[in-house]
Every structure is written in C-alpha cells, then in structure tokens.
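Let me begin by presenting the structure, written as structure tokens, before commenting on it.
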Amino acid sequence: MDTAELKTQILQVIGAIPAGRVSTYGDVARRAGLPNHARYVGTVLKNLPTGSRIPWHRVINGRGEIAFPLGSDKWHQQQSRLQREGICFQGERVPLRRYRW
DNA sequence: GGTATGACAGAGT
DNA sequence: CACTCTGCCATAC
C-alpha cells in the first residue's frame, strides 16, 4: 500500500466525522487502520488544498486542544468553525468526554 | 542516505 | 492535573 492510498484512506475517515463531533489525530489514524500514524494525519491535513471540503476542523489533539499555536489565525478559524457546529469550549480546549466521536 | 521537522500519543514523574 | 521524555513515521533538505 503506497502513501497515496494511505492519504485517501485518512481523508475518507475524516470526511466521515459527523458535524458536532470531533476526533483526534490518533483516532483518525486508528480508524484508517494505521496505528502509530497520528503525526502523518497532521502532515496530510497540512498539504490540503485550500477550499477542500474535508472537515479538517473536526480533528484536534488527544488533549482536546486545537493543534495550532494559540491565538494564530488558523486557531481562531478552527475554533469558530467548531463553535458554529455547537461545540462548546472549556477555556482553550474541547471536552473530549462529550464530543469525541 | 543521514538528519531534522511536525496540525501527535502515551507512559512516566 | 501539568509537564517531560520517548516512540513514531512520512517528508523535506
């Protein structure tokens, strides 16, 4: 299985995350059948073409935090997208117990 | 083909 | 809890 397929596999899993729920990099990797590829999930999202309709904002880290530097443009963008879907933040983090897919 | 980097995770302290 | 340390693995140099 080459990397192009892994990428497709990962994107499909992300695309399946329902609105109003979130998943983590590790979860996405596992659901894609690729344990230990959490970092790769991030790499794939980074190279995503702008305007892609992949719900990348529903992917956060295992501590319920947005993976971008706090206060950065990307951070705000992701946060508002999540809130727009009804996800409430506890400070700077999302309570996974409640929203984890 | 080393070496460093990163939208990470889990165990340990 | 929060913080550090280590393992991971595709990519970019």
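So that the names make sense, note that chain A is the first sequence line, chain B the second, and so on, each numbered from 1.
- A cation-pi arrangement is not found for Arg58(A) relative to Trp101(A), the charged atom failing to lie both closer than 6.0 Å to the ring centre and inside a 45° cone about the ring normal.
- Nucleotide dC9(C) holds its P atom 17 Å from the CG atom of Asp2(A), rounded to whole Å.
- Going from atom CZ of Arg93(A) over to atom P of dC3(C) covers 10 Å, rounded to whole Å.
- Between Ile14(A) and Pro55(A), the closest heavy-atom pair is O-CG, 3.4 Å.
- For His57(A) and Glu85(A), the side-chain atoms include at least one donor-acceptor pair closer than 3.5 Å.
- Side-chain contact between Leu48(A) and Leu11(A) is present, with heavy atoms from C-beta onward closer than 4.5 Å.
- Contact annotation for Arg58(A): no contact, since no heavy-atom pair falls under 4.0 Å across all strands.
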Filtered N/O pairs between nucleotides 5-10 of chain B and protein, under 3.5 Å:
from, atom 1, to, atom 2, distance (Å)
dG6(B), N9, Arg39(A), NH2, 3.4
dG6(B), N7, Arg39(A), NH2, 3.1
dA7(B), OP1, Lys46(A), NZ, 2.8
dA7(B), N6, Leu45(A), O, 3.4
dA7(B), N3, Tyr25(A), OH, 2.9
dC8(B), N3, Arg39(A), NH1, 3.0
dC8(B), N4, Arg39(A), NH1, 2.2
dC8(B), N4, Arg39(A), NH2, 3.3
dA9(B), OP1, Tyr25(A), N, 3.4
dA9(B), OP1, Gly26(A), N, 3.2
dA9(B), OP1, Gly62(A), N, 3.2
dA9(B), OP2, Gly62(A), N, 2.7
dG10(B), OP1, Arg30(A), NH1, 3.2

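- Here the side chains of Tyr25(A) and His37(A) are not in contact, with every heavy-atom distance at 4.5 Å or above.
- Taking side-chain N and O atoms only, His37(A) has a distance below 4.0 Å to OP1 or OP2 of dA10(C).
- Put simply, the side chain of Arg21(A) gets close to the backbone of Arg100(A): a donor and an acceptor are under 3.5 Å apart.
- Looking only at side-chain heavy atoms (C-beta outward), Ile60(A) and Leu96(A) come within less than 4.5 Å of each other.
- Between Ile10(A) atom CD1 and dA10(C) atom P there is a gap of 10 Å when expressed in whole angstrom units.
- Counting heavy-atom neighbours within 6.0 Å of Asp73(A) CG, excluding the residue itself, gives a total of 12 or less.
- Secondary-structure stems of DNA chain B, taken as three or more successive Watson-Crick or G-U wobble pairs (i with j, i+1 with j-1) under a 3.5 Å distance threshold, comprise B:2-6 with C:9-13, B:8-13 with C:2-7.
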